[in-house]
Amino acid sequence: MLVDKFPWLLEPNLLTLFIRTLFALICAGLIGYDRDAHGSAAGLRTHILVCLGAMLAMSTGEFVSLYYGGDAQRIGAQVVSGIGFLGAGTIIVHRGHISGLTTAAGLWASACIGLAIGTGFYEAALIGTLAVFFVERGLRNISKNIMKKHGHFDESRHQEVDDH
């Protein structure tokens, strides 16, 4: 693991905070850029802000735990449950069609990536980012192709309901 080779990456200092911030910008930026490209209400800026906020919350929890005692994971747990409020605001039900679920799930995943970065678990954040990007981009194309092949794909409905 990266922190085994470079244990200083776990130390709460200005350099590691800068590295974590930059990593959060890159990871969430990749996911958010793809969402922006597909017209999602929660795109580049939203995903970056969610990831940065989660990273800062977890880094703060670790800092407080190290210098004042207590449980660093409590802040992270609140992020995981609290992000549901933001995600719920992206889900829309209209005439029996639900949209926004992928956006809500993507925001929740961005928060979890931020938590991983905030603890210095960079490998999990990178693998998680790549996985979310694959799910949001790669599986969209695979799903459309499978649906078209089996005659279950309605282009007009899919564009309207596609989880922007």
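In what follows, every heavy atom counts, from backbone to side chain, and hydrogens, waters and symmetry copies are set aside.
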_Donor-acceptor pair, distance only, cut-off 3.5 Å: does the side chain of Thr16 make one with the backbone of Glu11?_
yes

*In Å and rounded to the nearest 0.5 Å, what is the SG to CG distance from Cys112 to Leu107?*
11.0 Å

*Pairwise side-chain contact, His47 with Tyr33, heavy-atom cut-off 4.5 Å (strictly under)*: no

*Using atom types as modelled and distance alone, determine if a side-chain donor or acceptor of Trp108 lies under 3.5 Å from a backbone N or O of Val80.*
yes

*Are any non-hydrogen side-chain atoms of Thr102 and Glu136 less than 4.5 angstrom apart?*
yes

*asked:* Would you compute the distance between atom CZ of Arg35 and atom CZ of Arg137 and round it to the nearest 0.5 angstrom?
replied: 11.0 Å

*Close side-chain approach of Ile113 and Ile31, heavy atoms under 4.5 Å*: yes

*asked:* Let me check something: do Tyr67 and Leu17 share a hydrophobic cluster, defined by ILVMFWY side-chain heavy atoms less than 4.5 Å apart, either directly or through other members?
replied: no

_Spatial distance of atom CE (Met55) from atom CD1 (Ile48) [nearest 0.5 Å]_ = 11.5 Å

*Under a 4.5 Å side-chain heavy-atom rule over Ile, Leu, Val, Met, Phe, Trp and Tyr, are Leu49 and Val79 clustered together?*
no

*Indicate if Leu15 and Phe63 have the same hydrophobic cluster label, given that clusters are the connected sets of ILVMFWY residues with side-chain heavy-atom separations under 4.5 angstrom.*
no

*Do you know the tightest heavy-atom contact between Gly29 and Leu44?*
O-CD1, 3.4 Å

*Can you see which heavy atom on Ala57 is nearest to which on Ile75, and at what distance?*
O-CG2, 3.3 Å

*Shortest non-hydrogen contact from Ala54 toward Ala111*: CB-O, 3.0 Å

*Phe23 to Tyr122 - nearest heavy-atom pair and separation*: CE2-O, 3.5 Å

*Pairwise side-chain contact, Leu2 with Phe6, heavy-atom cut-off 4.5 Å (strictly under)*: yes

_Nearest 0.5 angstrom please: Ile117 CD1 to Cys27 SG, how far?_
4.5 Å

*What's the spacing between Ile19 CD1 and Leu22 CG if we round to 0.5 Å?*
8.5 Å

*Give the cluster check for Leu130 versus Phe133: same hydrophobic cluster or not, with ILVMFWY residues linked at side-chain heavy-atom distances below 4.5 Å.*
no

_Would you say that Glu62 contacts Pro12 through its side chain, given a criterion of any heavy-atom pair below 4.5 Å between the two side chains?_
no

*asked:* Closer than 3.5 angstrom, by distance alone: can the side chain of Ser65 be matched with the main-chain N or O of Gly61 as a donor-acceptor pair?
replied: no

*Nearest atoms (heavy-atom pairs only) where Thr119 meets Met58*: CG2-CG, 3.2 Å

_Phe121 side chain reached by Met1 side chain, heavy atoms, under 4.5 Å_ = yes

_In the structure I gave you, are the side-chain heavy atoms of Asn13 and Trp8 within less than 4.5 Å of one another anywhere?_
no

*Thr60 versus Leu56, closest heavy-atom pair with distance*: OG1-O, 2.7 Å

*Is it the case that more than 12 heavy atoms not belonging to Gln73 sit under 6.0 Å from its CD atom?*
no

*Do Leu115 and Leu86 belong together in a cluster built from hydrophobic side chains that touch within less than 4.5 Å?*
yes

*Is Val135 close to Val132 at the side-chain level, that is, under 4.5 Å between some pair of heavy atoms?*
no

